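Structure first, commentary second.
Note on naming: letters A, B, ... go to the chains in the order of the sequence lines (proteins, then strands), and numbering restarts at 1 for each one. Remember, predicted model here, so these are calculated numbers, not experimental data.
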Amino acid sequence: MVGGDSETDFEKLYERAFAPLMRILVRMVGSAEAAEDICQEVFIKLHERTAGFPKPEEALYWLIRVAKNMALNHEKRKGREAKAYKKSLDSTRGKGRESGEEAVLKDEAFRRVQEALLRLPKKLREVLILKEYGEFSYKEIAAILKTSEGNVKVRAYRAREWLAGFFKNSEEIHVP
Amino acid sequence: MCPDKQLLSAYCDDEVPSPWKERLASHLEECEACRKTEGLYRSLGRALREVPSPAFDLEAASARLAARLARRKRGRLPLWKKRVSLPFTAAAAAALLIFGSGVGLCLAFRGGGEDAGGAAVSSRENLAAIKDMNELLEVLDRRGRAGEVFIKLPETGDFELKGNPVFLREAEFSGGGRR
């Protein structure tokens with residue numbers, strides 16, 4: 001399954017990958033429920049996989065690659081997920097830390113950043129999400145996406161430029 | 001000369017190796033335009049990271065996955081190791097069926113034995129508790145059918161005479177024939 005044999009390898013990978021995978025998936029699909037569904041499916045796929053991996057990292061990359069693809073497929077139902085995300089965001093924000101104009105500005109900024117992320121082309125978004133939320137290196141992202149480090153570097157740059165362009169004609173990004 | 005913006009983006013991701021990293025840092029100290037680009041890229045990253053994530057209970061999600069995996073593992077056990085849960089009525093019906101089949105088989109064997117070997121199979125009962133001839137005759141009488149009785153004598157052969165010999169006639173007993 002994961003490497004040599006055994007449930008132990010699976011458990012180690014589970015310990016290592018479950019939390020970051022959930023964090024990435026929540027950001028990708030914008031819904032905790034959908035993220036958990038995908039996370040469960042992908043771990044079950046891994047558990048049932050009979051072919052081994054040459055190295056433990058390969059199993060991690062495989063896991064994230066499959067989860068990412070499932071998240072992108074899930075995105076076809078994006079309208080619903082965006083609504084779910086907005087609902088979730090509405091429930092988490094405005095719970096008393098700030099009040100007045102500052103809180104309103106911050107909420108608006110969060111909403112716009114999230115909107116921009118959801119509109120970002122898939123190939124750029126997956127790199128940015130893996131980098132910003134997964135905290136993977138270019139080398140790791142290249143292994144996950146089965147591409148070159150150079151390509152990851154270009155995509156990260158283009159993602160930033162795309163986001164900068166998105167915000168250019170509107171107000172400055174309010175970064176709290 | 002200013003560096004490529006791709007390099008600045010990689011620099012923000014801490015992906016520029018030495019000595020280029022240090023040279024870039026020196027350049028940024030001097031160049032306002034590049035500092036502005038770097039500031040923009042970093043603020044975009046900060047903005048992304050600070051957007052609140054939809055709330056989720058990681059521990060509960062992990063427990064749900066563990067339970068699902070355990071269920072699937074059980075599902076892959078060989079048939080004889082699987083736990084089967086049935087509604088009470090179905091379980092009772094299954095138990096009755098198994099019991100009925102057992103009894104049926106047993107009766108079929110018994111019937112077959114009698115057909116083939118007569119009373120020999122069915123009459124093998126331990127009559128050790130029978131104390132005397134009269135009791136033995138009563139037992140045979142109650143059965144109402146013929147049977148063979150084997151009397152095992154003590155191994156010592158050290159007998160003593162008790163009472164007088166008696167001749168019995170079959171006709172004097174009401175049951176079936178006996179030998």
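One finds the CG atom of B:Leu65 at 9.5 Å from the NE2 atom of A:His47 (value rounded to the nearest 0.5 Å). Atoms CD and CG, on A:Glu132 and B:Leu44 in that order, are 9.0 Å from each other to the nearest 0.5 Å. To the nearest 0.5 Å, atoms OG (B:Ser9) and CZ (A:Arg155) are separated by 13.5 Å.
Taking 4.5 Å as the limit, every side-chain heavy atom of A:Glu161 sits out of range of all side-chain heavy atoms of B:Gln6. Side-chain contact check for B:Leu8 versus A:Tyr157: every heavy-atom pair is 4.5 Å or farther apart. When side chains are defined from C-beta on, B:Leu48 does not count as touching A:Arg27, because their heavy atoms never get closer than 4.5 Å.
For B:Glu22, the side-chain hydrogen bond (donor to acceptor under 3.5 Å, both in side chains) partners are B:Ser18, not counting sequence neighbours.
At a 4.5 Å heavy-atom cutoff, A:Ile129 makes no contact with chain B through either its backbone or its side chain. Heavy atoms closer than 4.5 Å to chain B are found in both the backbone and the side chain of A:Tyr138. With a threshold of 4.5 angstrom between heavy atoms, B:Glu15 approaches chain A through side-chain atoms but not through N, CA, C or O. The contact between B:Arg49 and chain A is made by backbone and side chain atoms together, counting heavy-atom distances below 4.5 Å. Only the side chain of A:Leu117 comes within contact range of chain B, with heavy atoms under 4.5 Å apart.
By the criterion of side-chain heavy atoms lying less than 4.5 angstrom apart, applied directly or through intervening Ile, Leu, Val, Met, Phe, Trp or Tyr residues, A:Met28 is grouped together with B:Leu58 in one hydrophobic cluster. Note on A:Val154: it does not cluster hydrophobically with B:Tyr41, by side-chain heavy-atom contacts below 4.5 Å among ILVMFWY residues.
Between B:Ala61 and A:Met22, the closest heavy-atom pair is CB-CE, 4.4 Å.
More than 12 heavy atoms of other residues, nucleotides or ligands lie within 6.0 Å of CZ in B:Arg35, so this atom counts as buried by the packing criterion.
By a heavy-atom distance cut of under 4.5 Å, A:Lys153 are the residues of residues 144-153 of chain A near chain B, going up by number.
In terms of heavy-atom pairs under 4.5 Å with chain B, the best-connected choice from A:Arg158, A:Lys139, A:Lys131 is A:Lys131.
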